[in-house]
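To start, the structure under review is shown below, and the notes come after it.
In the text below, chain A, chain B and the rest are named by the order of the sequence lines, each starting its count at 1.
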Amino acid sequence: MSQTLAGWSVHALADATARMDALRADLLRAPEELRSLAAATYAAIMSPGGVASFTYVVILLLVGIGVEWLYWTYAYSPLRAIQSTAPESSRQALRLASRRVGLVVSGLLIFTVAAIGASAAFSWPAGVQELVVAATLLLLVLRLAWTLISTVLAPGRQAMRLVPVPEARAGWLAAAAMSVVALLALGAFLAGVLERVAGAPHAAGALRFVTVTAASLFLLIIALACFGRSRNAPRFPRSFVLAALVVAVYGVWLMSARAATIAAIAAAVVALQIGLRPMVFFFWQDHDERVLPSIVLSAARFVALLAGLGVGALVVDAPLLALAAAESPGLRLVLRLLGVATLALLTHVVWITIRTAIDQRLSRIRPAGPLHEPDEHSRLLTLLPLLRVTAAVLLVVMLVLSSLWALGIEITPVLAGAGVVGLAIGFGAQALVRDVIGGVFYLAEDAFRIGEYIEAGGNTKGTVERITLRTVALRHHNGPLHFVPYGSLGTVRNTSRDWVVEKFNLPLPIEVDSEKIRKLIKKVGEEMMADPELGRLMMEPLKGKLYRVDPGVKVFRCKFRTAPGRQFDLRAQAYKRIEGALRKMEIQFADGRLPVATGA
Amino acid sequence: MRLRRLRLLTGLVLMAFVTGHMANLMLGMHSLAAMESGRPWLMGPWRSAAGQGLLVCSALVHLALGLYAIAARRSLAMSRMDWVQLFLGLATPPLLLNHAIVMHMAGEVTPNFDSTYGQMLAVYWSFSPGYAFQQLGVVMVVWIHAAVGLYSWLVLKPAWTRIGGFVLPLLFAVPILALLGFAESGREVLEKLANDAAWREHIGVNLRRVVGVTDPLNALQAKLLVAYGVLVLAAAGVLAARILRERFARVTIAYDGGLEAQGRRGLSILELARLSGVPHAHVCSGRGRCGTCRVRVDAGADQLSPMSGDERATLARVGAGQGERLACQARVADSGVVATRLLPPWIGP
């Protein structure tokens, strides 16, 4: 092991030495190369080919500008509408910014496609077309970068800013960031052209050296100036970490360009992980919301990591599929652990999402106890915690199983074993299972809620006081509390829903005028409806009619409709008022005595 | 406003000339001969005494009015389009001077000078390509200046919704086709130079004639350039002096929505808004034509400059009510003005 490490070190050092030598040679030979290049370029420009190329370039510019202008005649109004909207929160600023970027980037792409597409129509002198395409792409990159930087930092427009940067710094931070991008883009495109078209590899190398050095200096300044040492919190200074990252990447670049690209990606990922928390929470600065930003934060961290890995893989041209199939056990273990971590993170996000949703819903429902009126949410109050626990158990089980599977452990026996055990337990706990499942269905079908008076299948009746996983507690009106398992609840007769019809009899002497009594009862009903206290509860007024004639007795049947649970009070009121009205008309209730004729 | 109309008119004359010139170049896509045969039709009228007089007068008047407009500005609160127009307009005379002098004066200084298209193209493509770059630059500069001017004039017309779809592509097609003609005829000229010895000889003789009079022409050109530079500097100086003089006299105006704009005394409401970053509609860039910048003055109306006839006409045209002003025309003399924007800031032509 130590031998391979030593060998690898020697190899890397030799590479680095070669690279340094090449850099030195580039810097020494570049001036001479540039001089001859300048002479050749001047000669090429001052020739018919040069004139033709310049003409074509002007045409390309006109085509590009024309097409983009045409685009902007349509897109300018929406853009101005976006720009003149004052965002109320950072989240709205983000939405506006994404729309603005969409509009501007479409314009840029249209320009680029039109210009590059039109360049195919001309016969260019050798090498010029590549130069033109490179210049167009450079223009695209620069405008794209400026669009993004000016959108994110929004110098001069505090309300539109998408990162927590004070106004005083936004302007020059944007300028510095743009300089870095411009230098790196110039280094990439121009050096490529110098190498391939002009055949000046040393000049290209020198240019790369200059641009990378200048860009690193700019980044160093940004890191040191923007994330200054905080005097309030005794924490490790971030500026030091960032500056160290920049210096390290630059050092690696001096040794090997390709390794430096990977190091730069890694550094960017690390810097993002350091700075992501304030960036994400910035969007919820006007809220007490803590859970949603946490979800976004963990998702953003994960996405940053994955994007870094993806870009890195693209840069090194790693054959990912071949790598996954490789037989190196260490690598395989790493890949699998990565998979498990991914699963854990996904599970975490799903769990936080479910929990947030349930908790928020629960906190919006006011707590309903046995003394409160039954309301429509009491069912949710019962179901949601149940759902939360079920989701947690399900997620954990799924995470464990899929992690095992991702680690390459055969889970079929585990599943089969769980099946067998489950079967056994299922037989044993049949009644329990029936109760639990039955309960879920009672609740899902909204058969009863806390506070309602129900009569169950047996002889149990009472007000629902508590709903648990297995039983429902019913308080009988005389006091005893019944605990009824859902399995034996049977038919539920719920007397607390919507309305009830109350009927009662009124026996009067046989001599009374039925029509008069009917009108009397109707009048009492109208009076009750007009009463501010009682009328509220009455759904249909009191009415009565002759129902039966017995010897010596006329029985009148009265009925009214009212809210559940109020029928007893209302019936008492109705009796009282009817009795009063009868007394006023000097009619007595039937006394039940039958006059018997004695035949004398 | 009358001056502005004159500037527009002279600009249209100049644009007509440039369009004719470009149309002539387009014929080069067919052949050099076609260019020459089209020349009397397209360029001939401008070479007559009347045409020449009109052209020169228009150019001078347009230039003078442009410089006057710079000198008469009160601030640099201009739209992006106005900046483009300013710089392109200023860049045109020095770039164009050479071509105009050669075409116009060479004929007089050296009789028998042959200023055909073939001759000029041979110079550009073969003998001194430096001039070609200058000419190509001029094509871009002059045409964009003209197109922007025409566009911002036409876009406010009600008819633009109908003709805009044709005019806008045309504004770009003309220079593109002209450049294609230039490139195509250049190739033809190069072939002719290589194959036709007699023609080459003719061109050479002709060129030597011009080279003989290059020095006086160059001297004239230098004098004109210096004079032009002095004029431009004078206009810029007047503007700078005005801005510096009023630097400390600040006024503040209140806007609807609790916004506030601050700036030098004497600026228009629109200029104050633009300097302070208050979003404000201004389709015609403050020329008093479109009426989109109109505001209702809720207080301090007596601190504003009196209404001109043009402002009154524009306000009447857009059906403005009592107490409304064009923000681009109403200049603020003192603080205390409260204005309400009547149109949303994003409104377009």
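- Summarising the geometry of B:R187 relative to A:S123, their closest heavy-atom pair is NH2-OG, 4.2 Å, with the distance given to 0.1 Å.
- For A:I65, the parts lying under 4.5 angstrom from a heavy atom of chain B are both the backbone and the side chain.
- Contact record, B:P129 with A:S47: CG-N, 3.9 Å, taken as the closest heavy-atom pair.
- Across all non-hydrogen atoms, the minimal contact from B:I176 to A:L62 is CG1-CB, 3.7 Å.
- The minimum heavy-atom distance between A:A52 and B:W125, with the atom names listed, is N-CZ3, 3.5 Å.
- At a 4.5 Å heavy-atom cutoff, the contact between B:F133 and chain A is made by backbone and side-chain atoms alike.
- Contacts between A:Y76 and chain B at a heavy-atom distance below 4.5 Å are absent for every atom of the residue.
- In this structure, OG1 on A:T55 lies 9.5 Å from CG on B:L180, to the nearest 0.5 angstrom.
- Contact annotation for B:L179: both backbone and side-chain heavy atoms come within less than 4.5 Å of a heavy atom of chain A.
- Other residues, nucleotides and ligands contribute only 12 or fewer heavy atoms inside 6.0 Å of the CD atom of A:E32.
- Going from atom CE of B:M140 over to atom CD1 of A:I59 covers 10.5 Å, rounded to the nearest 0.5 Å.
- If you measure heavy-atom distances from B:P175 to chain A, the contacts under 4.5 Å come from both the backbone and the side chain.
- Residues B:L171 and A:W69 have side chains not in contact (no heavy-atom distance under 4.5 Å, counting atoms from C-beta outward).
- Taking a 6.0 Å sphere around CZ of B:F127, one finds it holds more than 12 heavy atoms contributed by other residues, nucleotides or ligands.
- More than 12 heavy atoms of other shown residues, nucleotides or ligands fall within 6.0 angstrom of atom CZ in A:F283.
- When heavy atoms are compared at a cutoff of 4.5 Å, A:V63 approaches chain B by way of both its backbone and its side chain.
- For B:Y131, the OH atom is loosely surrounded, since the number of other residues' heavy atoms within 6.0 Å does not exceed 12.
- For A:I45, the parts lying near chain B are the backbone and the side chain together; criterion is any non-hydrogen pair under 4.5 Å.
- The side-chain heavy atoms of A:V51 and B:F182, taken from C-beta on, include a pair separated by under 4.5 Å.
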